[in-house]
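Just so it is clear, the values below take in all heavy atoms, side chains as well, and ignore hydrogens, waters and symmetry mates. Positions are given from 1, in the same order as the sequence printed here.
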Amino acid sequence: MTQKLALITGASRGLGAALAEALAPTHHIVAVARTTGALEELDDRIKAKGGSATLAPMDITVPEAMATLCRGIHDRWGQLDLWLHTAIHAAPLSPAPFVAPKDWEKSVAVNATATSVLIPYVAPLLGQTGRAVFFDDPRGGEKFFGAYGATKTAQMALARSWQAESVKTG
């Protein structure tokens with residue numbers, strides 16, 4: 001039986017790393033994150049469980065890097081079985097009038113813009129049978145969650161629209 005392929009964006013720590021380890025026995029993991037050292041540590045843990053990974057130390061906010069990644073997946077494997085998008089920027093909590101412009105810009109870039117770039121790159125790799133998984137955190141509108149809440153809500157709106165558009169009828 002051919003091993004399944006899972007792309008995990010935001011794989012270096014937290015939820016992404018935990019999911020990579022959990023899927024390693026049944027999936028080859030394509031682990032994407034900015035932190036090379038953390039990806040290498042993840043690779044060691046995956047190998048210790050008998051799994052395998054391809055490490056992709058890159059920034060999801062660089063469209064050219066994401067295009068190269070997805071082209072490489074296509075050329076090497078032809079398709080994806082699973083995409084787990086766990087990459088997120090959680091800006092420091094602050095009252096809405098005091099959100100620092102740099103925190104807003106990074107939140108928009110990571111949480112919303114990168115998602116809008118990745119969906120059209122990854123969708124063809126998933127085809128009709130692959131699955132994409134996004135993780136909701138409905139903090140939008142809560143006190144002190146201005147930058148994170150707004151941009152995470154935008155990310156989930158994109159994912160839900162894509163899901164609705166992908167539903168087959170008849």
Side-chain angles (χ1 to χ4, degrees), residues 1-90 108-137 151-170:
M1 183 170 130
T2 305
Q3 191 174 38
K4 291 184 177 189
L5 183 65
L7 169 64
I8 303 176
T9 44
S12 65
R13 61 182 181 221
L15 180 61
L19 290 168
E21 288 183 59
L23 288 170
T26 58
H27 291 71
H28 177 78
I29 306 298
V30 178
V32 178
R34 290 178 299 136
T35 311
T36 302
L39 283 174
E40 290 170 346
E41 291 172 7
L42 173 65
D43 188 45
D44 291 342
R45 294 191 305 272
I46 287 171
K47 285 179 181 171
K49 294 180 180 219
S52 64
T54 298
L55 306 182
M58 54 185 57
D59 186 338
I60 67 165
T61 66
V62 179
E64 298 80 10
M66 295 302 94
T68 300
L69 171 72
C70 291
R71 181 61 198 209
I73 290 169
H74 176 269
D75 290 349
R76 184 168 178 187
W77 294 288
Q79 68 175 30
L80 274 174
D81 297 294
L82 183 62
W83 172 31
L84 301 170
H85 186 53
T86 67
I88 196 77
H89 174 67
V108 169
V110 173
N111 302 345
T113 304
T115 302
S116 75
V117 169
L118 280 163
I119 288 173
Y121 288 165
V122 174
L125 296 170
L126 292 170
Q128 297 298 313
T129 59
R131 297 289 176 250
V133 180
F134 292 80
F135 299 87
D136 199 359
D137 186 352
T151 57
K152 184 63 179 174
T153 299
Q155 180 188 83
M156 292 308 300
L158 283 167
R160 287 186 180 110
S161 290
W162 179 32
Q163 178 185 31
E165 295 154 3
S166 301
V167 173
K168 291 187 179 202
T169 58

*Measure the CD1-CG distance between Ile73 and Leu7 for me, rounded to the nearest 0.5 Å.*
4.5 Å

*Counting distance only, does the side-chain N/O of Thr26 pair as donor-acceptor with the main-chain N or O of Leu23 below 3.5 Å?*
yes

*asked:* Going by ring-ring contact (aromatic ring centres under 6.0 Å, His included), name the residues that satisfy it together with Phe134, two or more places apart in sequence or in a different chain.
replied: Trp83, His85

*At their closest point, which heavy atom of Ala24 faces which heavy atom of Ile46, and how far apart are they?*
CB-CG2, 3.7 Å

*Phe135 side chain reached by Ile88 side chain, heavy atoms, under 4.5 Å*: no

*If you round to the nearest 0.5 Å, how far is CD of Glu41 from CZ of Arg13?*
12.0 Å

Tabulate below the donor-acceptor pairs under 3.5 Å that side-chain atoms of residues 53-70 make, not counting sequence neighbours, or state none.
| from | atom 1 | to | atom 2 | distance (Å) |
| --- | --- | --- | --- | --- |
| Thr54 | OG1 | His28 | NE2 | 2.6 |
| Asp59 | OD1 | Thr61 | N | 2.8 |
| Asp59 | OD1 | Thr61 | OG1 | 2.7 |
| Asp59 | OD2 | Thr61 | OG1 | 3.2 |
| Thr68 | OG1 | Glu64 | O | 3.0 |

_Partner residues of His89 under the ring-ring contact (aromatic ring centres under 6.0 Å, His included) criterion, sequence neighbours left out_ = none

*Do side-chain atoms of Asp81 reach the backbone of Leu5 as a donor and acceptor pair under 3.5 angstrom?*
yes

*In Å and rounded to the nearest 0.5 Å, what is the NE2 to CG distance from His27 to Leu19?*
11.0 Å

*So, for Ala112 and Leu158, which heavy atoms are closest and what is the spacing to 0.1 Å?*
O-CD1, 3.8 Å

_Could you measure the distance from the CG atom of Leu82 to the OG1 atom of Thr129? Nearest 0.5 Å is fine._
11.0 Å

_Side-chain heavy-atom pair Pro124, His74 within 4.5 angstrom cut-off_ = no

_I need the minimum non-hydrogen distance between Ala33 and Leu39, along with the two atoms involved._
O-CD1, 3.6 Å

*For the atom pair OG1 (Thr35) and CD (Glu40), what is the distance rounded to the nearest 0.5 Å?*
11.0 Å

_Straight-line distance of Leu126 CG to Leu80 CG, nearest 0.5 Å_ = 5.5 Å

_Flag side-chain contact, heavy atom, 4.5 Å: Leu42 against Glu21_ = yes

*Evaluation steps, side chain to side chain contact (heavy atoms under 4.5 Å, CB included), between Gln155 and Asp137*: CA-CA 10 Å; Gln155 180 188 83; Asp137 186 352; over 6 Å; no

_Nearest non-hydrogen partners of Ser52 and Gln3, listed with the distance_ = OG-OE1, 3.7 Å

